[in-house]
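Take a look at the structure set out below.
Labels below follow one simple rule: chain letters A, B, ... track the order of the sequence lines, proteins then strands, and each chain is numbered from 1. Model, not experiment: these values are computed from the prediction.
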Number of protein chains: 2
Amino acid sequence: MRNDCMKEKDCASYCCDMRGMLSFLILFLLSKKPMHGQEIAGELEKRKGMRPSPGTLYPALRALRDAGLLKEAKKGKAITYSLTPEGKAGLKRAKEHFCRVFTGVLEQ
Amino acid sequence: MRNDCMKEKDCASYCCDMRGMLSFLILFLLSKKPMHGQEIAGELEKRKGMRPSPGTLYPALRALRDAGLLKEAKKGKAITYSLTPEGKAGLKRAKEHFCRVFTGVLEQ
DNA sequence: CTCCATATATTGGGTGCCCGATATATATTG
DNA sequence: CAATATATATCGGGCACCCAATATATGGAG
């Protein structure tokens, strides 16, 4: 059971398993500023408390690129990712859905 | 690919795949008021646009009960679920984690 | 009682997120 | 030119969410 953390006092939450939210978070982070992969990994680590493995992050970035939602710019050994117009539009719609699903969760 | 909706104009978002958020949402909904299973399903349908199947909902409720996070009260053919003190405490921690992960997402 | 609607419950299986390990490429340092 | 560090990339597999189909139980209408 992935949510073993549900029984552990030292785990912050039950939603430590946020499958399916990775792409959404990536799009959101890149909307703040373009970043390369390891920067994204670092930001995710700060927020989630766990650093995504390369096998998690890079396939996700590739899928988003293949879907036309973000574009790449190679600089040295790093690749800077940024949102395409489609990515921005998609993020907007995703946020709306997110708000509808989690209405009231953040209140009080 | 579950996220086929990423390519469809009529789908609200990329986060339609919210695996791992079901238990969190159930705890949140029950913190508002005790409900029985089908009420929960209806509320989830309103928020997510899709009604969870029985094979999704009831095992989730059972797992939360077995974890001591909610209790059941049978009334006729329906079972009213409500949070235990452990469930309330767990939801509080889950919310904190949720807020940390999604800081800034709902802004502007 | 019989029929039907509603609620709960179980089973089997698909899907794809995500991880760990490993590989490749580029930069930097000495 | 090695040697090391960093970034990207791939591969195989586990696992848990989630669904569709089906089963059981309770209650109400006639």
Side-chain angles (χ1 to χ4, degrees), chain A residues 1-7 11 13-27 30 34-45 47-67 70-82 101, chain B residues 1-7 14-27 30 34-45 47-67 70-82 101:
Chain A
M1 188 182 190
R2 169 76 68 106
N3 274 340
D4 273 342
C5 68
M6 287 174 59
K7 291 152 194 163
C11 175
S13 80
Y14 309 117
C15 48
C16 60
D17 181 351
M18 291 183 176
R19 299 189 190 196
M21 304 304 286
L22 181 63
S23 297
F24 176 65
L25 274 172
I26 291 174
L27 290 180
L30 290 178
M35 290 187 277
H36 61 263
Q38 289 304 309
E39 280 184 295
I40 297 172
E43 191 64 35
L44 290 172
E45 186 176 17
R47 288 170 177 262
K48 301 183 67 175
M50 261 187 71
R51 193 179 189 86
S53 79
T56 296
L57 183 61
Y58 291 106
L61 287 170
R62 182 189 182 87
L64 290 170
R65 185 199 60 189
D66 291 348
L70 53 83
K71 60 182 186 293
E72 307 177 345
K74 188 150 190 169
K75 290 179 183 174
K77 60 184 167 184
I79 297 176
T80 298
Y81 300 89
S82 58
V101 172
Chain B
M1 187 183 189
R2 167 80 65 108
N3 274 342
D4 272 343
C5 67
M6 289 173 60
K7 291 152 194 162
Y14 309 117
C15 49
C16 59
D17 182 350
M18 291 184 177
R19 298 189 190 195
M21 304 302 286
L22 180 64
S23 297
F24 177 66
L25 274 172
I26 290 174
L27 289 181
L30 289 179
M35 290 187 277
H36 60 264
Q38 289 305 307
E39 279 183 295
I40 297 172
E43 191 64 34
L44 290 171
E45 185 175 18
R47 287 171 178 262
K48 301 182 65 174
M50 260 187 70
R51 193 179 190 85
S53 79
T56 296
L57 182 61
Y58 290 106
L61 287 171
R62 180 189 185 86
L64 290 171
R65 186 200 59 187
D66 291 348
L70 54 81
K71 59 181 187 292
E72 308 178 344
K74 188 149 188 170
K75 290 179 182 175
K77 60 185 168 185
I79 296 177
T80 299
Y81 300 89
S82 58
V101 172

To the nearest 0.5 angstrom, please state how far the [atom1] atom of [X] sits from the [atom2] atom of [Y].
X       : Y       : atom1 : atom2 : value
B:Met21 : A:Met21 : CE    : CE    : 5.0 Å
B:Leu70 : B:Thr80 : CG    : OG1   : 12.0 Å
A:Glu43 : A:Leu30 : CD    : CG    : 10.5 Å
A:Leu64 : A:Leu22 : CG    : CG    : 8.0 Å
B:Leu61 : B:Ile79 : CG    : CD1   : 9.0 Å

Practice task
Strictly below 4.0 Å, heavy-atom distances to any atom of DNA chain C: list the hits from residues 49-58 of chain B, or just say none.
Solution key: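 Listed by number, they are B:Pro54, B:Gly55, B:Tyr58.
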
Problem - Side-chain heavy atoms of A:Leu25 within contact of A:Lys48, under 4.5 Å - result: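 Yes, their side chains come closer than 4.5 Å.
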
[atom1] of [X] versus [atom2] of [N]: gap in Å, rounded?
X       : N      : atom1 : atom2 : result
B:Glu72 : C:dA7  : CD    : P     : 16 Å
B:Met21 : D:dA16 : CE    : C1'   : 15 Å
A:Glu45 : C:dC18 : CD    : P     : 16 Å
B:Ile79 : C:dT6  : CD1   : P     : 18 Å

Set of residues satisfying side-chain hydrogen bond (donor to acceptor under 3.5 Å, both in side chains) with respect to [X], sequence neighbours excluded:
X       : answer
A:Thr56 : A:Ser53
B:Gln38 : B:Arg51, B:Tyr58
A:Lys71 : A:Ser82

Exercise for the section: State whether A:Arg62 places a side-chain N or O below 4.0 Å from either non-bridging phosphate oxygen (OP1 or OP2) of D:dT8. Expected result: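 Checking A:Arg62 against D:dT8: no side-chain N or O falls below 4.0 Å of OP1 or OP2.
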
Handout entry: Touch class at under 4.0 angstrom, heavy-atom based, for B:Leu22 against every strand present
Key =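 The residue B:Leu22 makes sugar-phosphate contact but no base contact.
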
Completion exercise
So, with a heavy-atom separation below 4.0 Å from DNA chain D, the residues of residues 34-44 of chain A are A:His36, A:Gly37, A:Gln38

Please list, pair by pair, any protein nitrogen or oxygen found under 3.5 Å from a nitrogen or oxygen in nucleotides 26-30 of chain C.
none

Exercise for the section: Starting from Watson-Crick (N1-N3 plus N6-O4 or O6-N4) and G-U wobble pairs under 3.5 Å, report the runs of at least three that DNA chain C belongs to. Expected result: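 The stems that DNA chain C takes part in, listed by first number, are C:1-30 with D:1-30.
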
